[in-house]
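Heads up, the thing below is written out as structure tokens.
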Amino acid sequence: MRSEARYLTVLALAALLGAGQALAGTVMVSADITASETWTSNNEYVLTQVVYVSNGATLTIEPGTVVRGEPESSPGANDPGTLVVARGSKIRALGTAAQPIVFTDLFDDNVRGNPGTFPYDTLDGALSLTAQWGGVILLGRGYVANNTLSGPLSSREVQIEGLTPAGGLGFYGNGGDDDDDSGTMTYVSIRYGGFNLSANNEINGLTLGGVGRQTDLDFIEVFQNKDDAFEFFGGTVSAKHLIAAVGGDDGIDYDEGWRGKLQFVFLMQGTPGADKSDKGGEHDGGNNPDGSLPLTIPTFYNVTYLGLGQKSYTDKARNTALHFRDNAGGRYYNSFFADFGGAPLCIEGGSLPGGSSTAANSSGERSVTPYTVDGFHPGPASAFQLELEDNAFWCFGNGGTVPAGDASAAGCDSGKNHHDNGALTNAALDNAYLGCATALPIRALSRIPSGASATPDPIGLVDPRPAAGGPLEATNRAAPADGFFSPAPYKGAFSPADNWAAGWSTLARTGYMGTCAGGSAASVPNEVPGLSAGGPFGNDPSRLTWLAPAGADGTEMYDLLRSDSPDFTGSICVETDDGMDTSATDADMPGLNQIYFYLVRAGNPCGEGSLGSGTDGVIRQGAGCP
């Protein structure tokens with residue numbers, strides 16, 4: 001007896017939000033949140049000062065909600081609108097691609113379906129905006145490498161930077177719980193924030209202190225923050241799909257024993273307000289002293305870091321892509337670094353004069369010490385605790401040399417003997433340096449003249465997907481199958497087929513992502529609902545139908561894909577349609593004990609779309625029909 005043919009219908013992405021919703025009102029938030037509550041999208045919420053979520057409460061924020069922060073009430077008050085989730089409490093910021101959650105200043109009207117007005121509607125206007133309010137801070141009970149030279153100490157706790165102490169609410173650590181859970185944040189845009197309490201004591205866009213690995217962070221943007229975009233202090237939290245855009249300091253900053261994982265990170269430097277971005281990644285180890293444990297060794301796959309360019313601006317040489325110091329390790333794979341004014345990386349060793357480049361408790365030592373799996377450092381093991389393999393570097397101000405010795409003239413810190421780990425000279429590591437005269441490895445990157453010789457030219461348009469036929473389209477390394485990393489057989493943060501930053505991010509909404517050849521804004525359509533087999537009368541198993549996404553999401557065509565597996569890594573094209581027909585026929589029926597999986601991929605005028613997420617929430621990688 002022939003078995004019944006079985007089908008699985010798979011949803012791709014969701015429709016972009018159309019017209020803005022009518023607001024019920026503005027809610028001023030001045031008191032700490034000590035009992036669980038929900039913020040709804042029909043209101044706007046204004047943080048009038050530093051607000052703590054504490055006492056084990058959970059703050060739930062609905063998709064499409066706008067949260068605003070007030071600036072410091074008066075000079076020296078140190079009270080800008082800031083949201084702090086204290087230890088033991090949680091945030092559930094549940095945005096979607098169609099309805100992201102926005103944290104921003106008091107006047108930003110480029111939210112929901114509204115394109116906004118000047119200066120929030122264009123990149124030229126937005127470049128002037130930063131430090132309008134505080135930021136978002138999550139605190140947990142993970143291990144912190146601070147004053148722990150003798151070994152990890154579960155009771156160690158530290159006051160988070162950027163805040164005036166508030167009765168212990170600003171502490172992180174003290175629990176030794178690397179599985180701590182501070183909640184969920186997905187499709188969240190954090191704009192125009194940052195605040196300097198004092199020198200080296202600032203509120204970042206998203207600050208994470210001692211946050212554990214049960215916290216879920218995915219699709220989060222920090223746009224034009226005064227200080228770092230993201231900073232990790234200890235803990236083990238991991239994240240995917242991060243945008244660190246046009247920050248006033250570093251893009252990704254970590255220290256104090258952070259041991260998490262990042263994948264799909266897009267970092268784009270620039271000049272917000274009177275500032276300019278510093279390092280792409282500033283990576284520090286233990287604190288008080290550097291050898292404090294556990295060792296700071298996170299793992300990165302698929303990042304794209306774009307620097308300040310090659311104009312001869314002030315301190316150009318200090319614009320380094322990666323700076324490892326104070327005993328920091330870190331592992332970068334399948335990544336792309338481009339257009340920085342200085343060196344690809346600095347690896348600090350011992351102090352000069354006389355200190356070895358691989359001195360004890362230095363980043364140089366981390367680059368010659370094997371990474372072994374233990375209770376604090378997850379797998380897989382690797383040759384070294386500081387390691388770069390299967391990456392591409394393009395157009396650096398120093399010609400792609402990893403500095404050694406006293407490298408202060410090369411943009412590295414003074415007083416240190418720097419180490420060259422062979423990242424760009426050891427062919428076995430499979431890193432490639434491409435000079436400025438070689439073809440751009442991504443699809444587009446152009447800059448706007450700043451009009452001042454001392455400042456770099458900011459990026460005016462970017463398409464960060466791999467250029468066709470270029471060195472980023474494929475890699476020799478597979479990401480670990482460890483339950484966190486997604487298959488991504490390319491280098492950099494974006495696949496050739498999918499710009500996951502388009503549509504929902506402020507980068508896209510202010511015009512940084514440009515337009516495609518069809519002249520339409522490069523927003524990617526979202527979910528195709530209602531895919532079913534059987535035709536309109538349910539009697540034709542070869543006929544598949546689906547519903548058009550609601551709203552004006554830019555869809556102009558559909559691809560029907562079929563695969564033998566739900567991850568669609570080996571899909572075939574059943575039909576592509578340049579019109580808006582919402583049905584197709586597959587005459588090839590499944591055989592005995594065979595399963596066919598189907599997916600409908602919507603496309604915009606550029607042919608861009610997405611294969612959506614699996615049931616595990618992992619974004620599928622692959623293309624649509626040719």
CA sep, side-chain torsions, deciding dist, call: Asn334, Tyr490, side chain to side chain contact (heavy atoms under 4.5 Å, CB included): CA-CA 7 Å; Asn334 289 353; Tyr490 49 85; over 6 Å; no

For Glu389 and Arg477: C-alpha separation, side-chain torsions, deciding distance, then whether salt bridge (charged side-chain N to carboxylate O under 4.0 Å, His left out) applies. CA-CA 9 Å; Glu389 294 191 15; Arg477 174 183 289 269; 2.6 Å; yes

Apply the test side chain to side chain contact (heavy atoms under 4.5 Å, CB included) to residues Tyr332 and Leu322: give CA-CA distance (whole Å), side-chain angles for both, the deciding distance (0.1 Å), then the verdict. CA-CA 10 Å; Tyr332 277 88; Leu322 300 173; 3.4 Å; yes

Under the side chain to side chain contact (heavy atoms under 4.5 Å, CB included) criterion, do Ile160 and Thr207 qualify, and how do the steps go? CA-CA 9 Å; Ile160 196 66; Thr207 304; 3.7 Å; yes

Tyr333/Glu387 under side-chain hydrogen bond (donor to acceptor under 3.5 Å, both in side chains): CA gap, chis, key distance, verdict: CA-CA 8 Å; Tyr333 309 109; Glu387 183 172 83; 2.5 Å; yes

Stepwise, does the salt bridge (charged side-chain N to carboxylate O under 4.0 Å, His left out) test hold for Arg601 with Asp559? CA-CA 5 Å; Arg601 174 186 181 272; Asp559 291 339; 3.3 Å; yes

Take Phe393 and Phe340 through the test side chain to side chain contact (heavy atoms under 4.5 Å, CB included) and record every step on the way to the result. CA-CA 10 Å; Phe393 298 78; Phe340 285 79; over 6 Å; no

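Screening Phe264, Phe494, Phe266 for a ring-ring contact (aromatic ring centres under 6.0 Å, His included) involving His241 leaves a single residue, Phe264.
Here the CD atom belonging to Glu221 is positioned 5.0 Å from the CG atom belonging to Leu507, to the nearest 0.5 angstrom. From Asp250, atom CG reaches atom CD of Glu231 across 8.0 Å, with rounding to the nearest 0.5 Å. The CZ atom of Arg465 sits 11.5 Å away from the CD atom of Glu473 when rounded to the nearest 0.5 Å. With values rounded to the nearest 0.5 angstrom, Ile190 atom CD1 is found 11.5 Å from Ile243 atom CD1. The structure places OG of Ser238 at 11.5 Å from CG of Asp218, a figure rounded to the nearest 0.5 Å. In this structure, Ile252 CD1 and Leu262 CG are separated by 6.0 Å, a value rounded to the nearest 0.5 Å.
Although no hydrogens or angles enter the test, the distance criterion places no donor-acceptor pair under 3.5 Å between the side chain of Thr65 and the main chain of Ile61. Without hydrogens or angle criteria, Thr186 side chain to Leu94 main chain gives no donor-acceptor distance under 3.5 Å. Checking side-chain atoms of Asp228 against main-chain N and O of Asn204 turns up no donor-acceptor pair under 3.5 Å. Of the possible polar contacts, one joining the Thr510 side chain to the Thr506 backbone as a donor-acceptor pair under 3.5 Å is found. Without hydrogens or angle criteria, Thr130 side chain to Gln224 main chain gives a donor-acceptor distance under 3.5 Å. Using modelled atom types, one side-chain atom of Arg87 and one backbone atom of Gly173 make a donor-acceptor pair closer than 3.5 Å. The backbone N or O of Arg213 lies less than 3.5 Å from a partner atom in the side chain of Thr236, making a donor-acceptor pair. Put simply, the side chain of Ser335 never gets that close to the backbone of Asn391: no donor and acceptor are under 3.5 Å apart. Between the Arg259 side chain and the Thr296 main chain, no donor and acceptor come within less than 3.5 Å of each other. A distance-only check finds a donor-acceptor pair linking the side chain of His377 to the backbone of Leu295 [under 3.5 Å].
Across all non-hydrogen atoms, the minimal contact from Asn225 to Pro272 is O-CG, 4.4 Å. Across all their heavy atoms, Phe223 and Ala126 have their closest contact at CE2-CB, 4.2 Å. Taking each heavy atom of Gly330 and Tyr254 in turn, the nearest pair found is CA-OH, 3.7 Å. Minimum heavy-atom separation, Ser41 to Pro63: CB-O, 3.2 Å. Heavy atoms only, all atoms of each residue included: Val265 and Ala493 are closest at O-CB, 3.4 Å. Scanning both residues, Pro458 and Leu127, for their nearest heavy atoms gives CG-CD1, 4.1 Å.
The aromatic rings of Trp39 and Tyr45 sit parallel, their planes meeting at an angle under 30°, below the 60° perpendicular limit. Note on ring orientation: taking the six-membered ring where Trp is involved, the planes of Phe219 and Trp504 are perpendicular (angle over 60°, cut-offs 30° and 60°).
Glu256 and Trp258 share no donor-acceptor pair across their side chains, judged by distance under 3.5 Å alone. Side chains of Asp32 and Ser54: a donor-acceptor N/O pair is absent below 3.5 angstrom, by distance only.
At a threshold of 4.5 Å between non-hydrogen side-chain atoms, the residues Val246 and Tyr512 count as touching. The closest side-chain heavy-atom distance from Ile220 to Phe230 is below 4.5 Å. Proximity of Leu83 to Val67: side-chain heavy atoms (C-beta onward) are nowhere separated by under 4.5 Å. Side-chain contact between Phe485 and Lys261: present, with at least one pair of heavy atoms (C-beta onward) separated by less than 4.5 Å. Side-chain contact between Met185 and Leu206 is present, with at least one heavy-atom pair separated by less than 4.5 Å. Using a 4.5 Å heavy-atom threshold, the side chains of Leu129 and Tyr120 count as touching. Contact annotation: the side chain of Phe233 approaches that of Asp255 to within less than 4.5 Å [non-hydrogen atoms, C-beta and beyond]. Considering only heavy atoms from C-beta on, Val53 stays 4.5 Å or farther from Ile91 through its side chain.
Within a 6.0 Å sphere centred on CZ of Arg92, heavy atoms belonging to other residues, nucleotides or ligands number 12 at most.
With Tyr301 as the aromatic partner, Lys240 does not meet the cation-pi criteria of under 6.0 angstrom to the ring centre and within 45 degrees of the ring axis.
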